[in-house]
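Below you'll find the structure, written out as structure tokens, and then a few comments.
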Amino acid sequence: MLGKNGDRDNYTYPILVQACAIRASEFEGKQMHNHILKFGFGLDVYVQNTLINMYSVCENMRDARNVFDEMPVLDSVAWNSILAGYVRVGDVEQAKCIFGRMPERNTIASNSMIVLFGKRGCVGEAWRLFQELPQKDMVSWSALISCLEKNEMYEEALAVFVKMFANGIMVDEVVVVSVLSACATLSAAHTGKLIHGLVVKIGIESYVNLQNAFIHMYSSCGEIMAAHKLFNEAFNLDQISWNSMISGYLKCGLVEPAKTLFDSMPEKDVVSWSAMISGYAQHDRFSETLALFQEMQLCGIRPDETTLRFSRRRQKKGVSTWNALILGLAMNGLVEKSLEMFSEMKTCGVTPNEITFMGVIGACRHMGLVDEGRRHFDSMMQEHKIEPNVKHYGCMVDLLGRAGMLKEAEDLIESMPMTPDVATWGALLGACKKHGDHDRGERIGRKLIELDPNHDGFHVLLSNIVASKGDWNGVHEIRGIMMQHGVIKTPGCSMIEADGVVHEFLAGDKKHPRMKEIEVMLDEMAQKLKMEGYAPDTNEVSFDIDEEEKETALFRHSEKLAIAFGLIATSPPSPIRIIKNLRICNDCHMAAKFVSKAFGRDIVLRDRHRFHHFKQGSCSCNDYW
DNA sequence: TTAGGGTTAG
């Protein structure tokens, strides 16, 4: 394109510069600019205007402004071009300044300002400018409509369009696309149809973008047949048409037609794949979701630039993001990392809130970091002026209790400025059970079942504590109280996903269709685990039965059934993933550790409180939970 | 013969 300047003149250069603008190619544009200066065409107004436009399109406002500032004579095109650049990059200050300095306002400049106001949410200013405009053209109306549409004033956008039409202003495909978007959001199928009629009448119906906007509008309004008809009869379709039709079917719950269309697509891009995958997920078809996701990866499809741009968009992490990170890490046993993130959060200048402290104290609790937890608890008030609430106290009681500091925990409860809730007492009760302080446990347990006579967990804990003392009469007494109050123990339930189906196991469950295989696997587990040195922790069983029966009962806990099934029905290297409704019991925790080693399978178990990652004989919670 | 309006797919 460059070369000797023999055949270039100030009519050719603008065309070349313009070509760079259309391709938004700043590099080539700069080369052209240098060339122009070198051969002495830099003072031509027409050439200069195209340079301003080229830099503006490339959003390089510094160079655009340099050209503008050096121009000896400024015509309206120069003013409009530099203004358009500032509007494009959203620089309100500079745009207002240029608009104010213009020797003569014109419709094009005002239209740009309406667009800018629309971008910035200044609907009032856009309206005012529009109304004051002596000569409104099609673009003025269109800019106002899109300003309203962008600011979620869909009804108003439609009303302005109606007025535009009534005033005899010409309507083109650009403004109709805007209006159709409003119809889609409002589910205004009737208006959409009227517009469709209008579009056909004025003969612009074959624009692909318009076709796509209609497909989207009809399927958003639930008029899938109309969308389908349009799609089938269209002369030219592009990738967006196909993707719109697929997501239209999915939006209307038509998964099969969506899949048929997906399969017959000439070319599938990342949008097609993700539309179909999320469509499956939305309609609870999980095995297909996973299968398609795998297939997508096998096809080598990766998230595109747009996907990345949309998901990376949160530039400054807010307090909720930090909270989620702190809580999530702690829950998965990465306590140090979690506390590290808390420090980093403060370094980044984000102010912690009360939820942050739930996460931080919770992190300390997961690892028994009593001193550190106390320090954070004290700093809440002293440094951050956050009054601890009942949950923070509960968390501290739990931290102390789990660490075996039962007296300190009880003293803290007594010193609370508010009435302790049952969860706080419950935490202490759990700690008493864990550390074998049966007397304190019984005293607190009896108090708790009075406070909350319908809570099954407290009765069960108390009954277990009493059973640990060997006081079977006491156990029967508590069972009696439960019966009296109609309290039923929530059965332990473990869930595991295999091949897209969720399987549920209750303790002692025999209903699973593959129960025979599970039984065989349970026997194999028992043998292997014993060889590895596993000894059942029969303290967990609170029935007045003999030791051998206790072992059998232990081996029918829902977690173990789920693990056995996981060993049969899933294959490595994927971990066995289990969700349990209650806290995992000691014996199952130990058994899971042994299984992870003896069978070489990782197990990820989420219980009521946290995640346990079992790997090669140990757990991420370091046996502290 | 340079300057202004749009969106549709995840």
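Order of the sequence lines fixes the chain letters, A, B, ..., with proteins taken first and strands second; residue numbering starts at 1 for each chain.
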Query raised in the report: Once Watson-Crick and G-U wobble pairs under 3.5 Å are found, how is DNA chain B written in dot-bracket notation, 5' to 3', with | for any base paired to another strand?
Result: ..........

Query raised in the report: Which nucleotide in the list B:dA9, B:dG10, B:dG4 gets nearest to the side chain of A:R88?
Result: B:dG4

Query - Closest non-hydrogen atom pair between A:L116 and A:A95, with its separation - result: CD2-CB, 3.5 Å

Query raised in the report: Is the distance from OP1 or OP2 of B:dG6 to the nearest side-chain N or O of A:S146 less than 4.0 Å?
Result: yes

Query raised in the report: Counting only distance, no hydrogens or angles, is the base of B:dG4 paired donor-acceptor with the side chain of A:D137 under 3.5 Å?
Result: yes

Query raised in the report: Do the ring planes of A:H196 and A:Y218 sit parallel (below 30°), tilted (30 to 60°) or perpendicular (above 60°)?
Result: tilted

Requested in this report: Quick one: label A:M245 by what it contacts on the DNA or RNA (base, sugar-phosphate, nothing), any heavy atom closer than 4.0 Å.
Outcome: nothing

Query raised in the report: Considering only side-chain heavy atoms of A:I108, which listed nucleotide, B:dG4, B:dT2, B:dA9, is closest?
Result: B:dG4

Query raised in the report: Hey, is the side chain of A:Q18 poking within less than 4.0 Å of OP1 or OP2 on B:dT1, counting only N and O atoms?
Result: no

**Report entry** Protein-nucleotide distance (A:N111, atom CG; B:dG6, atom P), rounded to Å
**Finding:** 11 Å

Query raised in the report: Is the shortest side-chain N/O distance from A:K150 to OP1 or OP2 of B:dG5 below 4.0 Å?
Result: no

Report summary line: Out of B:dT8, B:dT2, B:dG10, minimum distance to the side chain of A:I240 belongs to B:dT8

Query raised in the report: Under 4.0 angstrom, heavy atoms only, what part of the nucleic acid is A:S142 near: base, sugar-phosphate, or nothing?
Result: base

**Report entry** Nucleotide of B:dG4, B:dG10, B:dT2 approaching A:V77 most closely (side-chain heavy atoms)
**Finding:** B:dT2

Requested in this report: Answer with base, sugar-phosphate or nothing: what part of the nucleic acid does A:D172 contact at a heavy-atom distance below 4.0 Å?
Outcome: base

Query raised in the report: Nearest-Å distance, CD (A:Q135) to C1' (B:dA3)?
Result: 17 Å

Report task. Specify the closest pair of heavy atoms between A:R610 and A:M331, including all atoms of both residues, with the distance to one decimal. Result -> CB-O, 3.4 Å

Query raised in the report: Side chain of A:S181: nearest nucleotide among B:dA9, B:dA3, B:dT7?
Result: B:dT7

Query raised in the report: Between the side chains of A:N232 and A:H228, is a donor N or O closer than 3.5 angstrom to an acceptor N or O?
Result: yes

Query raised in the report: Any donor and acceptor pair, going by atom type alone, linking the side chain of A:K580 with main-chain N or O of A:L605 inside 3.5 Å?
Result: no

Query raised in the report: Under 4.0 angstrom, heavy atoms only, what part of the nucleic acid is A:T107 near: base, sugar-phosphate, or nothing?
Result: base

Query raised in the report: So what does A:V115 touch, heavy atoms closer than 4.0 Å: a base, only the sugar-phosphate, or nothing?
Result: sugar-phosphate

**Report entry** Protein-nucleotide distance (A:I82, atom CD1; B:dA3, atom C1'), rounded to Å
**Finding:** 11 Å

Report task. Could you tell me the separation between the CE atom of A:M276 and the P atom of B:dA9, rounded to a whole number of Å? Result -> 17 Å

Query raised in the report: Taking only side-chain nitrogens and oxygens of A:N209, does any of them come within less than 4.0 Å of OP1 or OP2 of B:dT7?
Result: no

Report task. Return the nearest nucleotide to the side chain of A:S247; candidates are B:dT2, B:dG10, B:dG5. Result -> B:dG10

Query - Rounded interatomic separation in angstrom, taking CD from A:E205 and P from B:dT8 - result: 21 Å

Query raised in the report: A:H33 NE2 to B:dT2 C1': how many Å, rounded?
Result: 15 Å

Report task. Look at the side chain of A:I15 and decide which nucleotide, out of B:dG4, B:dG6, B:dT1, has an atom nearest to it. Result -> B:dT1

Requested in this report: Specify the closest pair of heavy atoms between A:S272 and A:F262, including all atoms of both residues, with the distance to one decimal.
Outcome: O-CE1, 3.5 Å

Requested in this report: Would you mind reading off the distance between A:H216 atom NE2 and B:dT8 atom P, rounded to a whole angstrom?
Outcome: 6 Å

Query - Selection from B:dT2, B:dG4, B:dT7 that lies nearest to any side-chain heavy atom of A:A84 - result: B:dG4

Query raised in the report: Taking only residues two or more places apart in sequence or in another chain, which ones pass side-chain hydrogen bond (donor to acceptor under 3.5 Å, both in side chains) with A:E205?
Result: none

Query - d(CE, A:M138; P, B:dG4) in whole Å - result: 14 Å

Query raised in the report: Which nucleotide sits closest to the side chain of A:S278: B:dG10, B:dT8, B:dT7?
Result: B:dG10

Report summary line: Nearest heavy-atom approach of A:S620 to A:F611 is OG-O, 3.9 Å

Query raised in the report: What orientation do A:Y13 and A:F41 show, parallel under 30°, tilted 30 to 60°, or perpendicular over 60°?
Result: tilted

